[in-house]
Amino acid sequence: MSTQVASTPHGALGLSDDDLLSMYRTVITARLLDEAALRQNRMGRAPFVVPAEGHEACQVGTAWAMRRGVDVWLPYYRDGAVVLTAGMTPYEVFLGIFAKADDPSSGGRQMPSHWGHRELGIITGSSPIATQVPHAAGIAYAVRYRGEDAVVASWFGDGATSEGDWHEGLNFAGIHRLPVIFVCENNQYAISVPQSKQMAIENVADRAPGYGFPGVVVDGNDVLACYAAMKQAHERARAGDGPTLIECKTYRFLGHTSDDDDKTYRSRDEVEQARDRDPVHVFGEYLRANGVLDDVGAEELRAAVKGEIDEALSAAWEASDPEPASAMRHVFAEPGDPEGGSR
Amino acid sequence: MSTQVASTPHGALGLSDDDLLSMYRTVITARLLDEAALRQNRMGRAPFVVPAEGHEACQVGTAWAMRRGVDVWLPYYRDGAVVLTAGMTPYEVFLGIFAKADDPSSGGRQMPSHWGHRELGIITGSSPIATQVPHAAGIAYAVRYRGEDAVVASWFGDGATSEGDWHEGLNFAGIHRLPVIFVCENNQYAISVPQSKQMAIENVADRAPGYGFPGVVVDGNDVLACYAAMKQAHERARAGDGPTLIECKTYRFLGHTSDDDDKTYRSRDEVEQARDRDPVHVFGEYLRANGVLDDVGAEELRAAVKGEIDEALSAAWEASDPEPASAMRHVFAEPGDPEGGSR
Amino acid sequence: MTEKNVVTAIRDALHDEMADDDRIVLLGEDVGNRGGVFRISAGWMDEFGEARVIDTPLAESGLVGVAIGMALHGMLPVAEIQFADFIHPAFDQIVSEAARIRYRSNGSFGVPLVIRAPCGGGIHGALYHSQSIEAFFAHVPGIKVVMPATPADAAGLLRASIADPDPVLFLEHKKTYRAITGDVPEERHLVPIGKADVKREGSDLTCVSYGYALHACLDAAARLQQDEGISVEVVDVRTLAPLDTGTILDSVRRTSKAIVVYEDNRTYGAGAEIVSTIAEEAMFDLDAPVVRIGGPDVPAMPFAAPLEHYFMEPEPDQIYRRMLDLARA
Amino acid sequence: MTEKNVVTAIRDALHDEMADDDRIVLLGEDVGNRGGVFRISAGWMDEFGEARVIDTPLAESGLVGVAIGMALHGMLPVAEIQFADFIHPAFDQIVSEAARIRYRSNGSFGVPLVIRAPCGGGIHGALYHSQSIEAFFAHVPGIKVVMPATPADAAGLLRASIADPDPVLFLEHKKTYRAITGDVPEERHLVPIGKADVKREGSDLTCVSYGYALHACLDAAARLQQDEGISVEVVDVRTLAPLDTGTILDSVRRTSKAIVVYEDNRTYGAGAEIVSTIAEEAMFDLDAPVVRIGGPDVPAMPFAAPLEHYFMEPEPDQIYRRMLDLARA
Ligand SMILES: Cc1ncc(C[n+]2csc(CCOP(=O)(O)OP(=O)(O)O)c2C)c(N)n1
Ligand SMILES: Cc1ncc(C[n+]2csc(CCOP(=O)(O)OP(=O)(O)O)c2C)c(N)n1
Ligand SMILES: [Mg+2]
Ligand SMILES: [Mg+2]
């Protein structure tokens, strides 16, 4: 059986067919969850949602190389599929979407998709872009200081690379050769601003040498390519060889958020053309071509996931809202609050 | 005569012997001015001075390629020799050192060496490091927007490259291919922090490709090498080819400022070794070797400059202090104030 | 006069100013094809050209720093911060640079820059799309801070801000954008920076407010007149810095009672300066202690509707009730 | 008890805490070989190792951001900002991140971070080495702001700040560093955050102050006692946020007169909150309007000696004279 595995591209990466099926299930979950959330938004039940559509391969591919319960995750708002990979459940995601009291990210205090989950090692994130990048470096410093084996990863968009914090975070990580991975999901737009107005270069990864560590460009619609790059970076980090910047070239299929109208700045042609390389289809094709999952199996999986999501959604919808006066709590520590953060 | 000129290295750069003598005079002026200022500091007459010693070649060399009265200058506090090249007089510099009412930079409001001179196109600078870098980009944008032929240059130390503003300023300049030159005077220390704790790379210039324009490393103790690099960058800028980052490798011979004690972080050996390549001597040697100035001439020039400086110092010392209640002025525009800035 | 809402008034005024003077450029994130997230500049990139409607990289410090450079070299930049909450990365460029350049150069240089920032809550924007930021900047000498609450003031103050030779932070409360309409003069009118405005005359007590909270105060004042015959004078501060203490003190001296209302976190908020000024200058004219209503001292407005409502109004109808208590005191 | 100056008290307290608990690290520009520009950590890089005494690149936002990361992962970072004036690039990391992480995560995460910042003027530091920054941060819920004025308070508040589970901005007035000496307990003593302290008892009027200005007030109070037999109670705020309104109001209610003194720019300064609180809560106890003395509203302290002196004291002996006037009112 292990010989059979090694004869496929995923086998060569050390992934079994079962691994691949789990990855695919996560990809499908992310996609169907997005669609369900968007429907809730149109129905007026979810005031704000952030679709990941188009980013599923690079999110699941990179996140898959991380270890649940060991590594530390600093995703950004578009990373619905990263947090599913880290262990968040669709129910928990919907608790956030409906701003319920039990939302693990914030108890309904933050906008949806501002992830945080202490038990899973997902560090609370905010709206201001790129602020998590120095946090990732600081956590990686602490990981090494404390002699832990963890790896820290921070995800962000192309837009984030323009912020001073991005520069300062990468620079610090490079100086100290920290066990941290920086993943840029380059979808070529910061809301409406095209890459050409964000930077005068083609590859964000080309900035990595300026910080003294390698930058890698991968096809963000190829889940295995993303996994492979991340796996290597993860090994580098654990070996004490320092950070890696991974740039995944991808595309966002929908508006920036449910508040955006992307027709103002992108042609429908451009979007349609990008959909030709929809990472969900690309992954499905790979599975079929390698005999991992046929059409019937794919349909069954889809239906199963859909059932799970519907259930999660209904349960979350029924959950309790936060108490109004609880708005005054947690400005400062309360007796019994956990200390610090991820550990 | 022109053939004779072209046969020397400086001739090949289009510099006549007279040009070279002017450059040398500026270098000597900077050095002697520093020494005089430091003596004033030790005498208790100047509470704070910032010596440029060691940086004279890279400052005069780069600044020499700029055009007085046309181009726009954004120096940092160590750039005593840049502002002399731009046209500031020793008298004006001493007005700043003694915080006199007529100090053109600030009327004695800022610490010495926080340069500004509207008539000369030297933009007012502050203490916070690297804030002038985005200003330079914005001025260069305005230069092009208004159809002017000017070139903008901003000088800074190696320390400045760690700031977010540095990243954001270079990135904007690269995107718009602006007529601006960024000059890094890399003396290997940000106060006491050695380069190895500031960045994981050897050359700051290697960051330029990340912004889509060239980076150049030059020997900052070789005034002609600095001039040559700047001249080329200046031509690029005027031709519409965009920014250049020039890194001058140099060394600061004295403390960071008169408040610093560099013995806490640098060995005397290291400093002595650097002095072997004192740019003033290197330049003097070049002049002698190329028959431009012999020892007698050099001594005469030195004596003449010293006389000028002593005179400037005495005159500035006698100038009026600012009126105490004038501290309340210029918070907002007063009737008759000039608009905007450099033009 | 034309009736418009606040966002339209801002759009029209900025449009006309740009059409009149090509030194003016608009720069910010998504101001180009997207026309800004509030669509103020929709179509302008085509109309004025890419050189004047500049989509910047996602970098607020650089954005403000570049705009300062432009202002130093003959242009009149209007920098748009997408949400006021994202102005914080530019704090150093605003405080250390824009606000200090004239002072530090002894008057040689000036920064004719306008920074526009949509602020305020109640629009389901959660912690990072709801903030009030006026207190931070009103404290900084060298920059002016204005915050119009009506369409006419928005248009007139925006024109005055662009005409001003010094940096002006122009705060636009997002909730007023569409909710507040009013008449705006057709012609180019300027509302002077530094002048408060009595938005409702009254004799029993003075209410001082600004921004969206002003409208809650006007509403409470109207109901108190109707319900209880209590006559509340409502002063719209309009400019936080420099503060028009004259208009405020005149009113308080007439009514002998004062209440100050603002949305921002209460403690060390802008209202503290107003209350303090009244206490120092008009204490012997007061018949009751000054009352201050500010937002709860929590880091920012939460997202969930019950929490957001609690932030905006911890007790039901609190402005009305505190006014009533004060009138009866 | 040992007599020390403020900078020594800070150094000794921080040293002992670091020796006791290796979760504590010090990071900042030049804290390593240079020992910081005020030499607080001289020799510590050798003593505690490079991993605990960290020379950072010249980047304040990154410095605070990295420290937040450390605090989120089991460490207790002390971030040194070389001069408070250079904290502004880190404003976003402090306001949007450090101060909001607990709130936004509904209590799941916390940031046990201390940010030390030498502030204040009168030391010939000009515009960018003289600033007061307390008003900006005292307004931000989620971060505590302390500003000791004596060696004992500096030591005790620093220890309390390190022990605190939330972010604390620890402000050190540079002019107190060497100018102010006093007894400091040998043993590990904590001064509670959020408690003001009556530094001089009195009955004729209450003076509320903090930082270096407190000493000018104590000096004026002593002279008034001697010259005029006027008894001034001097309250040292010590913690700006959360503000101990109880101690302040108790004193004002006893003396019936209040003067608030601070070095920072007057308008929208921290003193406005204190005056406002007194006006709201104790107006009927007052025999005269509250008096407020703040710094001139100019962008920052100028360098030239005549200008700097003017900033620190626009009229000769103004605190003494305003106290005297108030006592006689
Ligand atoms: C500091 C800051 N400025 C502006 C914004 C508004 N904003 C939210 S997302 C975004 C674009 C981000 O683009 P990118 O990083 O490429 O991520 P993407 O949304 O494309 O995945 C902007 C400008 C913000 N959240 N924070
Ligand atoms: C934002 C900011 N942080 C810290 C400082 C304090 N400081 C002044 S100069 C300096 C080092 C600058 O080093 P570099 O840029 O290499 O220039 P050099 O002095 O070596 O010429 C530091 C940290 C400052 N002025 N501004
Ligand atoms: Mg993007
Ligand atoms: Mg240096």
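Just so we're on the same page: letters track the sequence lines, and every chain starts at 1.
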Can you say whether [X] sits under 4.5 Å from chain A via the side chain, the backbone, both, or neither, judging by heavy atoms?
X      : value
C:E315 : neither
C:D85  : neither
C:H129 : side chain
C:H124 : both
C:F86  : side chain
C:E60  : both
C:Y310 : side chain

One pair to check against side chain to side chain contact (heavy atoms under 4.5 Å, CB included): C:T56 and C:V66. What are the steps and the verdict? CA-CA 10 Å; C:T56 62; C:V66 161; over 6 Å; no

Applying a heavy-atom distance below 4.5 Å, give me the residues of residues 260-271 of chain A that approach chain C, sorted by number.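 A:D260, A:D261, A:T264, A:Y265 fall under the 4.5 Å cut-off.
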
If you draw a 6.0 Å radius around CD in C:E47, do more than 12 non-hydrogen atoms from other residues or ligands fall strictly inside?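 Yes, the 6.0 Å shell around CD holds more than 12 heavy atoms from other groups.
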
Report, as yes or no, whether the 6.0 Å neighbourhood of atom CD on A:E334 holds more than 12 heavy atoms from other residues, nucleotides or ligands.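 Yes, enclosed.
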
Using the side chain to side chain contact (heavy atoms under 4.5 Å, CB included) definition, which of the options C:D55, C:L63, C:V78 pairs with C:L27?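 One option only clears the test, and that one is C:L63.
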
Under a 4.5 Å cutoff for heavy-atom pairs, which residue among A:T131, A:D165, A:V331, A:D158 has the most contacts with chain C?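 Of the candidates given, the most pairs with chain C belong to A:V331.
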
Qualifying residues under side-chain contact (heavy atoms from CB on, under 4.5 Å), relative to C:A135, sequence neighbours excluded: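 Listed in chain order: C:D264, D:H139.
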
